[in-house]
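Below you'll find the structure, written out as structure tokens, and then a few comments.
As a basis for the values below, the full set of heavy atoms in this structure was taken, side chains included, without hydrogen atoms, waters or symmetry mates. Counting starts at 1 for both ligands and their atoms, in listed order.
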Amino acid sequence: MDVLGIDIGGSGIKGAPVDTETGELTQERLRIPTPHPAKPAAVAEVVAEIVDHFAWTGPVGVTFPGVVVDGVVRSAANVHESWIGVDASKLFGDATVLNDADAAGIAEMTFGAGRGRRGTVLMLTFGTGIGSALFIDGTLVPNTELGHLELDGKDAEHRASDKAREDHDLSWGKWAERVEEYLRHVDMLFSPSLIIIGGGVSKKSDKFLPHISVDTEVVPAKLQNEAGIIGAAQTTTS
Ligand code: BGC
């Protein structure tokens, strides 16, 4: 079954039809810059533009970079605060809406680095913020929000996200130290058998993963930029 998957990010909103059996994009993906300020009406316009571009009349799945419960937005750390309380599912024309890291995690567990892995698996995405997706024997525990754990008295994502690396002009080695400290903390809390590192940095993993040593197996995500689109589409069929 083909589903239109749309991934709302801090810099771009990306969409493509996805074959949910194979996880393949069936048409070239469309990316439109995220409007600023990224208020609900402006973002909904871009989502509608993507739906129109593909002349899509079938099911649509959308990711959102905050807590989403039953289609309603409950947090907005990196997007405009006017999102809180908005029924995003309704706003996007009855689409399925879920957290961005949860969507990426679902895709990685089915088609990527977590395929076939049982036990506790943690996907962590490093981008504007830090997103998390926790799986127990392949089942998602949604909205875990581990990016907001406290690290050195600060919100972890303010210290260890990819944005923090850029904002503070950190070398890959220096940033890796922060990420390692964060991973050790998460490892202590959950004792996962696998940690998958996703987000834009996953394609540059050779720059920082060699600097990181934790007891748990740590691997880069396989689907990289497309994980959110694929996961959004997958959730919509289940
Ligand atoms: C949000 C999460 C989101 C993550 C990555 C965090 O600031 O609270 O919901 O998954 O950023 O976008």
Within reach of ligand 1, part of A77 (heavy-atom separation under 4.0 Å)
side chain
Over 60° means perpendicular and under 30° means parallel, so classify the ring planes of W83 and F92, tilted if in between.
tilted
For the residue pair F208 and W172, categorise the inter-ring angle as parallel (less than 30°), tilted (30 to 60°) or perpendicular (more than 60°).
parallel
Name the closest protein heavy atom to atom 12 (O) of ligand 1, giving the residue it belongs to and the distance to 0.1 Å.
D100 OD2, 2.6 Å
Regarding T26 and D19, is there a side-chain donor-to-acceptor distance under 3.5 Å anywhere?
no
Going by the 4.0 angstrom heavy-atom rule, the piece of T128 near ligand 1 is neither
For the backbone of F135 and the side chain of T139, can you confirm whether one donor and one acceptor N or O come within less than 3.5 Å of each other?
no
Step by step, work out the salt bridge (Lys or Arg N to Asp or Glu O under 4.0 Å) result for R117 and E217.
CA-CA 12 Å; R117 297 294 293 250; E217 185 185 357; 3.0 Å; yes
Test of proximity, E157 against ligand 1: N or O pairs below 3.5 Å
yes
Provide the number and element of each atom of ligand 1 under 4.0 Å from a heavy atom of N99.
2 (C), 3 (C), 9 (O), 10 (O)
Taking the non-hydrogen atoms of G127, is any one of them nearer than 4.0 angstrom to ligand 1?
no
Suppose I only count heavy atoms of G66 and a 4.0 Å limit; which atoms of ligand 1 are within that range?
9 (O)
Does ligand 1 have any atom sitting under 4.0 Å from a heavy atom of D102?
no
Ligand 1 atoms in contact with G131 (distance to a heavy atom under 4.0 Å)
4 (C), 5 (C), 10 (O)
CG-CG distance between L122 and L124, expressed to the nearest 0.5 angstrom
4.5 Å
Between T110 and Q234, is a side-chain hydrogen bond (donor to acceptor under 3.5 Å, both in side chains) present by the stated rule, with each step listed?
CA-CA 9 Å; T110 319; Q234 274 179 273; 2.8 Å; yes
Run down the list K163, E145, H158, H148 and name the one with the heavy atom closest to atom 2 (C) of ligand 1.
E145
